[in-house]
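Single-structure report; data block below.
Here the structure is a predicted model, which is why all the values come from computation and not from measurement.
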Amino acid sequence: MNKKLKTEAVDHLFQAVLTLKSVEECYTFFEDVCTVNELLSLSQRYEVAKMLREGHTYLEIAEKTGASTATISRVNRSLNYGNDGYDMVFGRLGGK
């Protein structure tokens with residue numbers, strides 16, 4: 001875990017997120033917390049990660065998501081050398 005990221009304020013944000021009980025509640029909360037572009041960027045990175053794990057090429061991913069090759073490369077680096085957060089979530093979601 002990144003020591004710069006681990007703060008009381010970030011803990012509070014994550015605790016707040018853990019109280020959300022539905023996708024609709026997530027929309028309500030995240031629309032208040034994030035700008036539209038921030039939320040779209042987060043969701044784009046998640047889609048890129050899913051497609052990388054499914055074996056899609058950078059070109060396919062760029063065409064489907066609109067992500068730049070730099071973004072795809074950054075997500076790929078997280079998948080290969082990060083904290084396994086994406087894979088943890090993918091495993092929990094299964095086929096969803």
For atom OH of Y27, is the number of surrounding heavy atoms from other residues, nucleotides or ligands below 6.0 Å larger than 12?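 Result for OH/Y27: open.
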
CD (E8) with more than 12 external heavy atoms under 6.0 Å: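 For E8, atom CD is not crowded (no more than 12 foreign heavy atoms under 6.0 Å).
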
S43 side chain to L39 main-chain N or O, any donor-acceptor pair under 3.5 Å?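 Yes; judged by distance alone, with no hydrogens or angles, the pair exists.
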
So, the side chain of E25 versus the backbone of K21: is there a donor-acceptor pair under 3.5 Å, distance only?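 A pair under 3.5 Å: yes.
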
Could you state the interatomic distance from [atom1] ([X]) to [atom2] ([Y]), rounded to the nearest 0.5 Å?
| X | Y | atom1 | atom2 | answer |
| --- | --- | --- | --- | --- |
| L13 | T7 | CG | OG1 | 9.0 Å |
| D84 | F90 | CG | CZ | 11.5 Å |
| T57 | E63 | OG1 | CD | 7.5 Å |
| I72 | T65 | CD1 | OG1 | 5.5 Å |
| K50 | I61 | NZ | CD1 | 12.0 Å |
| Y86 | L52 | OH | CG | 9.0 Å |

Taking the side chain as everything from C-beta on, heavy atoms only, tell me whether [X] gets closer than 4.5 Å to [Y].
| X | Y | result |
| --- | --- | --- |
| R53 | D87 | yes |
| Y46 | L42 | no |
| F30 | L20 | yes |

Apply side chain to side chain contact (heavy atoms under 4.5 Å, CB included) to R74 and R77, showing your working. CA-CA 5 Å; R74 205 171 306 122; R77 191 169 37 254; 3.7 Å; yes

Verdict with reasoning, S41 to R45, per side chain to side chain contact (heavy atoms under 4.5 Å, CB included): CA-CA 6 Å; S41 291; R45 288 182 207 145; 4.2 Å; yes

Mind checking whether L93 and V48 sit in one hydrophobic cluster, side chains of I, L, V, M, F, W, Y counted as touching below 4.5 Å?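 Looking at the clustering, V48 is in the same group as L93.
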
